[in-house]
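Beneath this line is the structure, given in structure tokens, with notes to follow.
What you see is a predicted model, and the numbers here were worked out from it, not measured in a lab.
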Amino acid sequence: MPQIDYIRNIGIIAHIDAGKTTTTERILFYTGKEHKMGEVHEGNTVMDSLQDERERGITINSAATTCEWKNYSINIIDTPGHVDFTAEVERSLRVLDGAVGIFCAVGGVEPQSETVWRQADRYQIPRIAYVNKMDRVGADFEGVIKEIRKNLKANPVPIVIPWGSENDFRGVIDVLSLKGLVFDEQSQGRDIIEEELSEDLMKKAKHYQEEVVNSLADFDDEVIEKFYSGTLEVEDLKRSLRQATLNLQVVPLLCGSSFKNKGVQKILDAVLDYLPSPLDAPKVDGTHPHNNSVISRHPETDTSLCAYSFKTASDKHGDLTYVRIYTGELKEGMQVYNSNLNKMERVNRLWYMHADSREKCEIARAGEIVGVIGLRHTVTGNTLCTKKDPIVLEKMDFPESVISKAIEPKVTADKDKLISKLTLLSKDDPTFKYLYDEDSGQILISGMGELHLDVICSRLEKDHKVAANVGKPRVSYRETILSQAEDREVFDKQFGGRNHYASVMVKVEPCNKKNLTIENRVKDRNFQAIFLAAIKEGIEGALSCGDLGYPVINVKVTILHVEYTVDSSEAAFNAAASFATKRALEKASYVLLEPIMSLHVRTPISYVGDIIATLGSKRAEISEMDVVGETQVITAKAPIAEMFGFSDSLRSLTQGRGSYSMQPLKYSAVPKDVQDKW
């Protein structure tokens with residue numbers, strides 16, 4: 001077990017096909033964790049262990065591993081790059097201290113790169129950047145730097161620059177030490193040869209070194225003073241760069257070609273030099289579960305257990321919970337307190353994870369990421385601590401699903417098994433949901449996109465041995481209201497051998513917040529808390545299905561007045577609140593909402609006209625058009641209802657040379673002429 005300041009917890013984040021998994025495979029090879037490099041195109045990578053991942057050549061589940069470099073322990077999470085699996089990135093970044101953003105030297109800052117970068121911004125995670133694929137035709141190192149500054153509003157500081165590019169890409173130049181590095185092909189890049197730089201290359205390297213100094217001068221007066229006095233050392237630059245990186249003021253930038261085994265070791269060095277240890281990370285804030293007072297924990301000052309469950313997985317070895325330990329320690333056989341659920345849990349086994357394989361762990365301490373066996377109730381977002389010193393860490397928010405499909409077992413006898421496996425998958429994946437209508441017997445599955453649901457169905461058949469028939473994709477519409485309204489319901493009925501009475505008056509109004517907001521204006525101290533809980537449950541039930549059959553969002557409900565007697569009951573208040581809310585919603589005028597997607601299309605310039613015409617027919621609004629090299633990048637907003645089958649249209653229009661990506665943007669009102677058809 002290394003000292004806590006010798007631990008690095010990092011994530012590999014990027015757009016799909018930027019080279020995340022390829023880079024991670026090289027890291028495992030150079031650190032000695034693996035003796036052979038896996039290749040994505042050969043389907044034999046360690047980190048992509050699911051059958052679907054290897055067949056499709058993409059990362060679907062985030063995979064964790066631990067390796068060692070120069071006596072440091074590096075916990076790595078390789079995250080997906082496809083927008084349908086962005087929740088995997090979200091929950092990984094929630095528990096990481098640093099990240100490596102990978103950018104394609106040809107593609108630059110692609111849409112999902114921007115999405116994951118914003119996620120890292122939200123969690124205030126220090127990053128380094130790596131420009132991959134410098135050997136590819138069209139590689140543009142300076143162009144990527146400009147895009148990072150423009151699109152990500154970041155401050156990239158090149159500390160490693162390319163030695164040549166495209167077919168002439170030979171190696172990299174270390175800007176701080178002013179040395180050229182060539183990676184020996186015979187040893188698969190393991191042996192690094194230092195070479196003297198020509199006069200022109202030395203001039204270029206010194207220019208970039210001055211750029212580093214100028215970037216740091218804004219934050220560190222000592223660097224500029226030593227530079228002009230001629231006493232500036234490499235260690236001075238590294239110290240200043242590290243502090244500026246931890247303060248989110250700069251992003252050290254490197255380059256290379258992971259596939260050609262050039263430049264990867266410099267990433268590892270940069271992780272040690274510039275990304276934080278758990279001690280460098282800010283304190284983690286939470287609340288007391290009983291009084292909601294704010295509590296902070298940090299491994300330097302606190303020894304009581306504070307751990308966060310960020311992922312659950314069901315695999316061939318059994319149920320597993322991925323946990324990040326912030327303070328204290330976990331041991332096998334230990335009893336821990338789940339402060340979210342108010343339940344005690346037992347830690348049966350602890351494991352260090354290496355993709356889908358495991359290594360025994362006797363005791364896990366602050367700063368580590370481990371797998372836990374035995375937590376029966378814990379789910380994603382739960383906090384584990386001690387009962388005498390409890391804390392609740394902030395939960396994660398995941399995006400709403402945007403499409404759904406009907407599903408049924410091919411064999412009727414498998415219906416219960418299908419529902420059981422869907423329950424299992426929904427527990428592991430917070431963005432996947434299913435709904436079983438007992439009256440109709442229909443099962444609907446919902447997710448982030450067509451690929452997401454395709455993978456779910458594939459896993460049902462391959463991993464869980466449940467064959468199913470799946471319907472066509474359907475849009476996950478929502479409803480909201482246009483105005484405010486009030487209504488009062490008096491519930492006075494007899495059932496169960498007694499009278500039940502309740503009166504509830506509510507007001508509904510539009511609200512900018514995404515989900516339901518409930519405000520209680522009843523000041524009666526004698527009003528029982530259980531009745532208030534029943535009212536809220538009734539309100540939530542009323543909003544679960546609107547006038548057109550979809551969930552109602554962006555609504556605030558205010559409880560204005562209640563009346564109760566000795567005959568009042570929870571059931572009466574639940575029913576009264578539900579009826580009052582439904583009638584108030586009807587008065588406030590329902591409107592149908594549809595999911596709008598942010599669309600990025602990349603195409604050869606000669607096909608732009610046909611694509612714009614096609615997008616126009618799909619109610620798309622084009623917001624930006626940029627020329628990148630010989631391609632045109634079209635940014636637009638489009639309703640997902642119109643985008644089914646667009647991939648086939650794009651392939652046909654561009655002779656297979658165009659590509660696109662979509663991600664959820666917002667819900668927007670359906671045009672009146674479209675809604676009138678409902």
Side-chain angles (χ1 to χ4, degrees), residues 287-293 338-343 377 379 381-383 392 394-398 400-401 426 430 433 435 478-481 483-493 495-496 498-547 549-588 590 593 667:
T287 56
H288 195 286
H290 305 311
N291 56 29
N292 288 327
S293 59
N338 185 319
S339 54
N340 296 87
L341 305 178
N342 190 27
K343 290 181 181 289
H377 307 287
V379 296
N382 285 177
T383 305
V392 178
E394 184 181 1
K395 276 192 167 185
M396 288 178 276
D397 290 324
F398 295 103
E400 291 276 341
S401 57
S426 64
K433 295 179 174 59
L435 176 66
R478 296 290 185 268
E479 298 177 46
T480 192
I481 53 175
S483 60
Q484 70 177 40
E486 297 178 5
D487 200 276
R488 176 173 177 261
E489 169 71 18
V490 177
F491 186 91
D492 189 1
K493 293 185 179 180
F495 58 87
R498 56 163 290 194
N499 196 53
H500 296 263
Y501 176 85
S503 174
V504 178
M505 184 176 183
V506 299
K507 178 177 74 173
V508 299
E509 58 190 311
C511 176
N512 289 330
K513 291 188 177 179
K514 188 173 183 180
N515 295 315
L516 167 66
T517 301
I518 299 177
E519 180 182 341
N520 177 29
R521 289 191 186 170
V522 177
K523 302 302 181 184
D524 188 342
R525 293 184 179 179
N526 296 320
F527 187 61
Q528 297 181 39
I530 57 172
F531 291 159
L532 179 59
I535 290 175
K536 290 182 176 179
E537 186 179 323
I539 291 172
E540 290 170 355
L543 271 75
S544 65
C545 184
D547 187 47
Y550 298 101
V552 184
I553 63 172
N554 299 351
V555 172
K556 177 181 178 182
V557 181
T558 305
I559 307 167
L560 298 175
H561 181 70
V562 299
E563 292 178 8
Y564 53 95
T565 67
V566 291
D567 291 330
S568 292
S569 65
E570 292 178 64
F573 273 109
N574 185 304
S578 179
F579 290 138
T581 303
K582 276 194 174 294
R583 283 206 299 268
L585 291 169
E586 290 169 1
K587 294 177 184 178
Y590 281 106
L593 301 176
Y667 272 90

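At a threshold of 4.5 Å between non-hydrogen side-chain atoms, the residues Ser426 and Lys433 do not count as touching. Looking at Leu543 and Leu585, their side chains come closer than 4.5 Å, going by heavy atoms from C-beta outward. For the pair Tyr501 and Val566, the minimum side-chain heavy-atom distance is 4.5 Å or more.
Note that the CD1 atom of Ile518 and the NZ atom of Lys536 stand 6.5 Å from one another [nearest 0.5 Å]. With values rounded to the nearest 0.5 angstrom, Lys556 atom NZ is found 11.0 Å from Leu516 atom CG. Residue Phe531 holds its CZ atom at 9.0 Å from OH of Tyr564, rounded to the nearest 0.5 Å. Here the CD atom belonging to Glu537 is positioned 8.5 Å from the CD atom belonging to Glu570, to the nearest 0.5 angstrom. A distance of 12.0 Å separates CD of Glu586 from CD1 of Ile481, quoted to the nearest 0.5 Å. Here the straight-line distance linking atom CZ of Arg488 with atom CE of Met505 works out to 8.0 Å at 0.5 Å rounding.
Side chains of Asn554 and Tyr667: no donor on one and acceptor on the other come within 3.5 Å.
Of the possible polar contacts, one joining the Arg498 side chain to the Asp567 backbone as a donor-acceptor pair under 3.5 Å is found. Within the 3.5 Å criterion, the main-chain N or O of Ser293 finds no donor-acceptor partner in the side chain of Thr287. Within the 3.5 Å criterion, the main-chain N or O of Gly541 finds a donor-acceptor partner in the side chain of Ser544. Side chain of Asn338 to backbone of Lys343: no donor-acceptor contact under 3.5 angstrom is found.
Considering every non-hydrogen atom in both Gly549 and Glu479, the closest pair reads N-OE2, 3.1 Å. Phe527 and Leu532 get closest at one heavy-atom pair: CE2-N, 3.7 Å. When all heavy atoms are compared, the tightest approach of Glu486 to Ala584 is C-CB, 4.2 Å. Residues Val392 and Ser339 approach most closely at CG2-OG, 3.4 Å, considering heavy atoms. In terms of heavy atoms, Ala542 sits closest to Ser578 at CB-O, 3.6 Å. Of all heavy-atom pairs spanning Phe495 and Ala571, the tightest one is CZ-CB, 4.2 Å.
The 12-atom threshold is exceeded at NZ of Lys587, counting heavy atoms of other residues, nucleotides or ligands nearer than 6.0 Å. Within 6.0 Å of the CG atom in Asp524, the count of heavy atoms belonging to other residues, nucleotides or ligands exceeds 12. Summarising the local packing, CZ of Phe579 is surrounded by 12 or fewer heavy atoms from other residues, nucleotides or ligands at distances under 6.0 Å.
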Would you sort out whether Tyr590 and Val552 count as a side-chain contact (heavy atoms from CB on, under 4.5 Å), showing the intermediate values? CA-CA 9 Å; Tyr590 281 106; Val552 184; 3.9 Å; yes
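Checked options Thr581, Val562, Val522, Asn520; the residue passing with Ile535 is Val562 (criterion: side chain to side chain contact (heavy atoms under 4.5 Å, CB included)). A side chain to side chain contact (heavy atoms under 4.5 Å, CB included) with Glu519 holds for exactly one of Ile559, Val557, Thr558, Leu560; it is Thr558.
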